[in-house]
Amino acid sequence: MIIWLASYPKSGNTLMRSFLSSYFFSKDGIFNFELLKNIKQYPNGDLFAQLGVNIADPHEIAKNHIRVQEFINKDKKSFKFLKTHSGFLKMDGFSFTDLANTLGVIHIVRDPRDVVVSFAHHNNQSIEKTAEMINKDFVLNDADLKDKIPKYMGSWSLNYNSWKTFDKTGKYLLIKFEDLIKDREKNFKKILNFIKVLTKSNFEINDKKIDIILQEIEFEKLKKLEEKEGFNEARIDDKGNKIRFFREGKSNSWKKTLDPIIKTSIEAVCQKEMKELGYL
């Protein structure tokens with residue numbers, strides 16, 4: 001069954017996937033970008049097209065989420081990680097997923113003030129426009145990527161609250177980006193233990209492999225790897241140049257760049273959730 005790696009964009013999902021793909025899909029813990037292909041993004045146009053779904057029709061996509069996930073879960077050999085930026089929302093009356101197809105959720109969240117700065121850079125657009133997007137219900141259309149399927153993310157608050165509903169199932173782990181980068185070893189071991197309990201597996205938690213992976217996925221190393229090899233998840237600017245994906249990877253960067261008016265607007269809209277998470 002599916003273990004969702006759910007997050008709003010630019011919240012640390014790629015760091016999470018880098019660790020998990022190195023741990024579960026490499027022998028020695030040595031990281032490369034090819035390993036990320038073992039954790040696919042969802043929704044994924046290829047999967048829908050494979051089942052004959054018209055991916056140009058948003059209604060048909062919404063209608064077939066469960067069918068596609070049932071198809072994914074036909075392989076009973078092991079659990080599967082899927083990355084998503086979609087909210088756990090109903091679209092045209094159809095659920096994004098359900099407990100019959102979901103083994104669990106690892107939910108990565110980040111301070112929305114940092115999200116807006118990073119997401120603006122990622123999209124090569126103004127912080128003002130990005131702040132407006134994340135404060136309102138938002139559909140992500142990856143127009144410059146091959147996969148044209150829209151991701152119904154909602155606002156930052158709606159996205160966070162939607163996945164948080166899984167907490168009552170006992171199949172939910174919340175990871176704050178800020179905690180993850182502050183103590184990566186502690187939090188990645190916490191994640192592995194969660195997966196071990198969730199899957200009722202007896203895989204070994206290998207400290208030596210974890211140490212190697214943590215060195216491999218140091219942010220500066222990922223940055224240099226992107227400079228050397230490129231990264232296919234980086235977006236393209238108006239001039240056809242790739243926008244650097246790995247930029248800073250820090251917390252509280254908003255303090256240097258965020259206009260006080262935009263800061264206040266985000267804090268006003270996201271106040272309840274930010275207080276709950278300790279951001280205010």
Q) For the residue pair N13 and A6, what are the closest heavy atoms and their distance? A) ND2-C, 4.2 Å

Q: Could you verify whether a donor N or O on one side chain and an acceptor N or O on the other, from Y279 and E273, lie under 3.5 Å apart?
A: no

Q. Can you name the residues that form a side-chain contact (heavy atoms from CB on, under 4.5 Å) with N159, not counting sequence neighbours?
A. Y8, M153, W163

Q: Enumerate the residue pairs fulfilling ring pair (Phe, Tyr, Trp, His ring centres under 6.0 Å) with a member in residues 196-216, sequence neighbours excluded, ordered by first and then second residue.
A: F24-F203

Q) On the ring face of Y23, is K209 found with NZ or CZ under 6.0 Å from the centre and within 45° of the axis? A) yes

(Q) Quick test of your reading: applying side chain to side chain donor-acceptor pair (under 3.5 Å), list the pairs with at least one residue in residues 187-198, sequence neighbours left out, ordered by first then second residue. (A) E185-K189, K189-D207

Q. Residues in side-chain contact (heavy atoms from CB on, under 4.5 Å) with K221, at least two apart?
A. E216, E218

Q) Does a sphere of radius 6.0 Å around NZ in K63 hold more than 12 heavy atoms from other residues, nucleotides or ligands, not counting ones at 6.0 Å or beyond? A) no

Q.
So does E178 get a backbone contact from the side chain of R110, meaning a donor-acceptor N/O pair under 3.5 Å?
A. no

Q | Criterion side-chain contact (heavy atoms from CB on, under 4.5 Å) against S7, the qualifying member of H85, M16, K83 | A | H85

Q: Please report the C-alpha distance between N38 and R17 in whole Å, then the side-chain angles of each, then the deciding distance to 0.1 Å, and finally whether the side-chain contact (heavy atoms from CB on, under 4.5 Å) criterion is met.
A: CA-CA 9 Å; N38 290 288; R17 290 184 296 136; over 6 Å; no

Q. With no hydrogens and no angle check, do the side chains of T84 and Q41 hold a donor and an acceptor under 3.5 Å apart?
A. no

Q: Before giving the answer on side-chain contact (heavy atoms from CB on, under 4.5 Å), spell out for N135 and S155 the whole-Å C-alpha distance, their side-chain angles and the decisive distance to 0.1 Å.
A: CA-CA 5 Å; N135 282 341; S155 66; 6.0 Å; no

Q) When the aromatic ring centroids of F88 and F96 are compared, is their separation below 6.0 Å? A) no

Side-chain donor/acceptor pairs under 3.5 Å, residues 167-174, sequence neighbours excluded:
from : atom 1 : to   : atom 2 : distance (Å)
T169 : OG1    : F166 : O      : 2.6
T169 : OG1    : K171 : N      : 3.1
Y172 : OH     : H107 : ND1    : 2.8

Q. If every non-hydrogen atom of I217 is compared with every non-hydrogen atom of R184, which pair is closest and at what distance?
A. O-NH1, 3.3 Å

Q: Look up atom OG in S11 and atom OH in Y160, then write down how far apart they are to the nearest 0.5 Å.
A: 12.5 Å

Q) Does E276 CD have over 12 foreign heavy atoms under 6.0 Å away? A) yes

Q. Is the closest basic N to carboxylate O distance between E34 and K37 below 4.0 Å?
A. yes

Q. Using a distance-only test with no angle check, is there a side-chain donor-acceptor pair under 3.5 angstrom linking Y42 and Q69?
A. yes

Q: Could you walk me through whether S22 and I30 pass the side-chain contact (heavy atoms from CB on, under 4.5 Å) test, one step at a time?
A: CA-CA 7 Å; S22 298; I30 302 301; over 6 Å; no

**Q.** Same cluster (ILVMFWY, side-chain, under 4.5 Å), I39 and L35
**A.** yes

Q: Can you run down the side chain to side chain donor-acceptor pair (under 3.5 Å) pairs that involve residues 50-62, sequence neighbours left out, and say none if there aren't any?
A: H59-D92

Q: List the steps and the verdict of side-chain contact (heavy atoms from CB on, under 4.5 Å) for V53 and R67.
A: CA-CA 10 Å; V53 178; R67 180 176 165 230; 3.8 Å; yes

Q: Using only heavy-atom distances, determine whether the side chains of E70 and N101 contain a donor-acceptor pair under 3.5 Å.
A: no

